[in-house]
A.B. asks: 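Before we start, here is the structure in question, set down as structure tokens.
Since this is a predicted model, take the numbers as computed values, not measurements.
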Amino acid sequence: MRPPTIRDVADRAGVSKSLVSLVLRGSEQVRPEKREAVLRAVRELGYRPNAAARSLSEQRTRTVGVLLNDLRNPWFVDMLDGLNSLLHANGLHMLLADARLNRRTGQDPASPLLDLRVDGLVVVGTLPEPAALGTVAERVPVVVAGAREPELPGVDVVANDDEQGASLVTEHLIALGHRRIAHIAGYGAVAELRRRSFEATMRTHGLADEAVVEASDMTEEGGFRTAVRLLGRPDRRPTALFAVNDITAIGALSAAEELGLRVPADLSLIGYDNTSIARLRHVWLTTVDNASDEVGRRAARCLLDRFEGAAGEGRVHLTAPTLEVRGTTGPPGDGM
């Protein structure tokens with residue numbers, strides 16, 4: 001039995017072959033009912049694009065390199081779901097590479113992917129030397145996801161509105177009655193935006209003198225060590241902590257438990273990213289949902305647009321954050 005073709009899909013859905021192609025490429029120019037009819041036909045027929053034939057005719061490998069700054073960060077996994085869903089729908093496959101591992105071996109992080117002749121590159125997270133991507137972008141389309149640097153010619157950046165997200169966190173804590181609020185900060189442009197927004201919101205409420213910022217390395221261990229320093233202050237310890245990401249917040253949560261502090265009765269704690277860890281029932285962390293799936297989908301859309309010939313300067317695309325209030329925040333305790 002021969003495999004189904006794109007014409008079979010078009011006949012089953014009652015549309016043209018060109019419209020099926022638009023749907024498979026993720027085009028937003030298709031009406032919802034037509035898109036659903038095509039996707040239903042694809043599912044019913046078990047249609048799969050002929051990747052080998054398309055590669056030969058288009059002189060492309062139909063692969064996208066994904067360069068991850070840190071495989072340990074669960075936010076990247078959530079973002080990859082959104083990225084891969086749209087790439088897969090367009091007959092593209094991801095090849096993952098660990099930027100940290102490549103640096104340890106002395107390799108240019110992007111080199112292994114370029115050697116495999118990927119059609120494009122998605123860089124996820126903050127890289128130590130982001131300017132090096134400029135030369136890569138001269139060879140293949142490049143999109144940066146989840147970071148705010150670099151801003152290079154022809155490189156699209158897709159990220160969360162970190163300033164708005166940090167403001168949501170700080171306003172929430174202040175509305176609960178907290179005044180002594182500390183921020184466990186990180187590194188890179190994203191962390192800098194979150195820190196600056198936290199400080200600006202505290203100033204707006206006349207609480208600049210109560211705002212404390214301590215640097216961390218954005219890991220669980222780093223969050224633990226930084227929280228121990230903050231919560232062990234001999235003067236007035238903070239009643240609330242805002243961590244730069246969920247992983248750091250988990251470390252801070254461990255520090256609070258080790259110091260005998262109840263969360264949220266003695267200490268409110270907020271993370272950022274709304275990762276799967278934050279949603280674990282025994283953690284149930286208040287955090288910022290930075291639309292990781294949408295960041296991934298938008299990054300894929302930017303790459304597809306570049307494949308289709310879209311040129312011009314790179315653009316910054318920001319997704320809107322929301323605050324997920326769970327079990328780690330509440331009013332400051334008595335006497336705090």
A.B. asks: If you measure from the Lys or Arg side-chain nitrogens to the Asp or Glu carboxylate oxygens, is any gap between Glu308 and Arg301 under 4.0 Å?
C.D. replies: yes
A.B. asks: Of Arg236, Arg180, Arg179, which meets salt bridge (Lys or Arg N to Asp or Glu O under 4.0 Å) against Glu210?
C.D. replies: Arg236
A.B. asks: Kindly compute the distance separating CZ (Arg326) from CG (Leu285), expressed to the nearest 0.5 Å.
C.D. replies: 7.5 Å
A.B. asks: Would you please name every residue forming a side chain to side chain contact (heavy atoms under 4.5 Å, CB included) with Ser167, sequence neighbours left out?
C.D. replies: Glu171, Ser197, Thr201
A.B. asks: Hey, does Leu86 have a side-chain heavy atom less than 4.5 Å from the side chain of Leu304?
C.D. replies: yes
A.B. asks: Name each donor-acceptor pair under 3.5 Å that joins a side chain in residues 32-39 to protein atoms two or more places apart or in another chain, with its distance.
C.D. replies:
{"from": "Glu33", "atom 1": "OE2", "to": "Arg31", "atom 2": "NE", "distance (Å)": "2.7"}
{"from": "Arg35", "atom 1": "NH1", "to": "Ser27", "atom 2": "O", "distance (Å)": "3.3"}
{"from": "Arg35", "atom 1": "NH2", "to": "Ser27", "atom 2": "O", "distance (Å)": "2.6"}
{"from": "Glu36", "atom 1": "OE2", "to": "Arg43", "atom 2": "NH2", "distance (Å)": "3.1"}

A.B. asks: Could you pull out the closest heavy-atom pair between Ile270 and Thr287, with the gap in Å?
C.D. replies: CG2-CA, 4.1 Å
A.B. asks: Applying a strict under-4.5 Å side-chain criterion to I, L, V, M, F, W and Y, I'd like to know whether Leu323 and Val283 cluster together.
C.D. replies: no
A.B. asks: Any salt bridge linking Arg298 with Asp156? Criterion: basic side-chain nitrogen under 4.0 Å from a carboxylate oxygen.
C.D. replies: no
A.B. asks: Go through the steps for Ser85 and Arg297 under the test side-chain hydrogen bond (donor to acceptor under 3.5 Å, both in side chains), then give the verdict.
C.D. replies: CA-CA 7 Å; Ser85 64; Arg297 289 188 63 84; 3.1 Å; yes
A.B. asks: Between Met218 and Ile247, is there a side-chain heavy-atom distance shorter than 4.5 Å?
C.D. replies: no
A.B. asks: Are the charged groups of Arg7 and Asp11 less than 4.0 angstrom apart, N to O?
C.D. replies: no
A.B. asks: Output all residues satisfying side-chain hydrogen bond (donor to acceptor under 3.5 Å, both in side chains) with Asp162, sequence neighbours left out; order by chain, then residue number.
C.D. replies: Arg194
A.B. asks: Return the set of residues passing side-chain hydrogen bond (donor to acceptor under 3.5 Å, both in side chains) with Gln164 (not counting sequence neighbours), or none when no residue passes.
C.D. replies: none
A.B. asks: Should Arg196 and Glu199 be marked as a salt bridge (charged side-chain N to carboxylate O under 4.0 Å, His left out) after you check the CA-CA gap, both sets of side-chain angles, and the distance that decides it?
C.D. replies: CA-CA 5 Å; Arg196 288 201 326 239; Glu199 293 176 330; over 6 Å; no
A.B. asks: Tell me, do Phe224 and Glu258 make a side-chain contact under 4.5 Å, heavy atoms counted?
C.D. replies: yes
A.B. asks: So Leu83 and Leu80, do their side chains get closer than 4.5 Å, heavy atoms only?
C.D. replies: yes
A.B. asks: Could you work out, with ring-ring contact (aromatic ring centres under 6.0 Å, His included) as the rule, every residue matching Phe242, not counting sequence neighbours?
C.D. replies: His183
A.B. asks: Checking Asp8 now: which residues fulfil side-chain hydrogen bond (donor to acceptor under 3.5 Å, both in side chains) with it, not counting sequence neighbours?
C.D. replies: Arg2, Thr5
A.B. asks: Which residue in the set Asn290, Asp246, Asn245 passes side-chain contact (heavy atoms from CB on, under 4.5 Å) when paired with Trp75?
C.D. replies: Asn290
A.B. asks: For the residue pair Asp217 and Thr219, confirm or rule out a side-chain donor-acceptor distance under 3.5 Å.
C.D. replies: yes
A.B. asks: Quick one: does Leu173's side chain get under 4.5 Å of Met202's, heavy atoms only?
C.D. replies: no
